[in-house]
Amino acid sequence: LFAWIFCALTASSAALANEMEERAAITNATERSFLKEDFQQLEETSSAYRTARSRTSSGVWKLSVFYAGITRAIDRQIAAGDREPVFSALEEKLSRWAQRYPDSPVPRIVLSSLHITHAWAYRGTSYAAQVKPENWAPFRKYIALARENLETHKSVAAGDPRWYEM
């Protein structure tokens, strides 16, 4: 019995290690591609994951892990620089991506996610009663921009399940 339990735990640990390695590989590759503005690679990867409905060995959608890589790249850039210039640069990057791939849902979805992140940068994570009154207007502005962007590009972006998560 002990040997069986040991084998089961060892196999489970190996599967978990493989799962985490697979997720890290997807996340890291996506982050690198985003930072290098390798839009072609991002398009090929996201399209493949979306079309094949690919999952990791534990059943996590690879497309979700892909978006996590972009989110990580964005979060690191925001943390490393002055807020407004970084947000402007990221919006410009996403605009270039959308112009190069006008039928792609990804840059539209990521732009809405960026607007939501921008909104929360103003609001902060404290209780609503502790938010400075002057921060509510930009918070609402960026939330509205996120929604407007999603609705404007619904015909393109709704083909991606992430659109429905937003």
Side-chain angles (χ1 to χ4, degrees), residues 16-17 19-39 42-43 45-46 49-50 54-56 58-102 104-166:
L16 178 60
E19 170 72 15
M20 299 313 290
E21 289 171 8
E22 184 178 15
R23 289 188 201 181
I26 294 167
T27 303
N28 292 337
T30 303
E31 181 178 16
R32 279 191 307 274
S33 294
F34 184 79
L35 292 173
K36 293 187 314 184
E37 295 194 26
D38 188 350
F39 302 136
L42 292 165
E43 285 299 315
T45 302
S46 64
Y49 292 161
R50 191 179 315 103
S54 302
R55 294 179 182 247
T56 64
S58 73
V60 173
W61 294 105
K62 288 184 179 181
L63 191 59
S64 294
V65 181
F66 168 87
Y67 277 111
I70 293 176
T71 299
R72 187 171 74 183
I74 288 171
D75 289 347
R76 286 181 177 179
Q77 287 182 287
I78 292 167
D82 291 334
R83 180 171 64 195
E84 293 309 312
V86 171
F87 277 109
S88 293
L90 287 165
E91 285 180 24
E92 290 169 12
K93 179 185 286 197
L94 293 168
S95 178
R96 287 189 297 276
W97 186 356
Q99 287 173 354
R100 188 163 168 202
Y101 294 93
S104 174
V106 180
R108 276 94 176 151
I109 292 168
V110 174
L111 178 60
S112 286
S113 179
L114 181 67
H115 287 322
I116 292 168
T117 300
H118 202 166
W120 280 94
Y122 276 100
R123 188 203 178 283
T125 57
S126 60
Y127 292 108
Q130 297 171 335
V131 175
K132 293 179 184 176
E134 64 269 18
N135 289 349
W136 283 112
F139 174 79
R140 289 184 185 103
K141 171 188 165 187
Y142 286 107
I143 293 295
L145 284 172
R147 181 179 180 145
E148 178 184 323
N149 180 61
L150 287 171
E151 290 174 354
T152 299
H153 299 289
K154 182 178 181 178
S155 63
V156 171
D160 188 308
R162 182 73 171 205
W163 186 88
Y164 297 92
E165 292 178 29
M166 304 294 295

Look at the rings of F139 and W136 and say which category their plane angle falls in: under 30° parallel, 30 to 60° tilted, over 60° perpendicular.
perpendicular

Trace of the side-chain hydrogen bond (donor to acceptor under 3.5 Å, both in side chains) decision for E43 with W97
CA-CA 10 Å; E43 285 299 315; W97 186 356; 2.7 Å; yes

Closest non-hydrogen contact found for G159 with R50 is O-CD, 3.4 Å

So which atom in A146 and which in I116 form the shortest heavy-atom distance, rounded to 0.1 Å?
CB-CG1, 3.6 Å

Quick check: do E91 and H115 have side-chain heavy atoms less than 4.5 Å from each other?
yes

For the backbone of S58 and the side chain of E19, can you confirm whether one donor and one acceptor N or O come within less than 3.5 Å of each other?
yes

Heavy-atom distance under 4.5 Å between the side chains of R123 and N135, does that happen here?
no

If you measure from OG on S113 to CD1 on I74, what distance do you get to the nearest 0.5 Å?
6.0 Å

Apply side-chain contact (heavy atoms from CB on, under 4.5 Å) to residues L42 and V106 and explain how you reach the verdict.
CA-CA 9 Å; L42 292 165; V106 180; over 6 Å; no

Atom CZ of residue position R55 - does it have more than 12 heavy atoms of other residues, nucleotides or ligands inside 6.0 Å?
yes

How long is the straight-line distance from NZ of K93 back to CG of L114, given to the nearest 0.5 Å?
11.0 Å

Value rounded to 0.5 Å, distance of NZ in K154 from CG in N149:
14.0 Å

Against the six-membered ring of Y122, is R83 placed for a cation-pi contact (under 6.0 Å from the centre, within 45° of the normal)?
yes

Using a distance-only test with no angle check, is there a side-chain donor-acceptor pair under 3.5 angstrom linking E148 and H153?
no

Applying side-chain contact (heavy atoms from CB on, under 4.5 Å), run through T45 and F66 and close with a yes or a no.
CA-CA 8 Å; T45 302; F66 168 87; 4.0 Å; yes

In this structure, OG of S112 is separated from CD of E151 (nearest 0.5 Å) by 9.5 Å

Report yes if the side chains of K62 and R23 come closer than 4.5 Å at any heavy-atom pair, otherwise no.
no

Quick one: does T152's side chain get under 4.5 Å of R108's, heavy atoms only?
no

Whether R162 engages the ring of Y67 as a cation-pi pair (distance to the six-membered ring centre under 6.0 angstrom, angle to the ring normal within 45°) should be assessed.
yes

Report yes if some heavy atom in the side chain of S126 is under 4.5 Å from a heavy atom in the side chain of V131; otherwise report no.
yes

Are N28 and R72 close enough, and set up right, to give a side-chain contact (heavy atoms from CB on, under 4.5 Å), and what steps lead you there?
CA-CA 9 Å; N28 292 337; R72 187 171 74 183; 2.3 Å; yes

In Å, rounded to the nearest 0.5 Å, how long is the span from CG of D75 to CD of Q77?
10.0 Å

Taking side-chain contact (heavy atoms from CB on, under 4.5 Å) as the criterion, tell me which of S104, S46, P105 meets it with D160.
P105

Pick out which of V65, T27, V60, T56 makes a side-chain contact (heavy atoms from CB on, under 4.5 Å) with E22.
T56

Any non-hydrogen side-chain atom of L90 less than 4.5 Å from a side-chain atom of F34?
yes

Output, in order, the C-alpha distance, side-chain angles, deciding distance and verdict of side-chain contact (heavy atoms from CB on, under 4.5 Å) for F39 and Y101.
CA-CA 8 Å; F39 302 136; Y101 294 93; 3.6 Å; yes

Backbone of L150 reached by a side-chain donor or acceptor of W163 within 3.5 Å:
yes

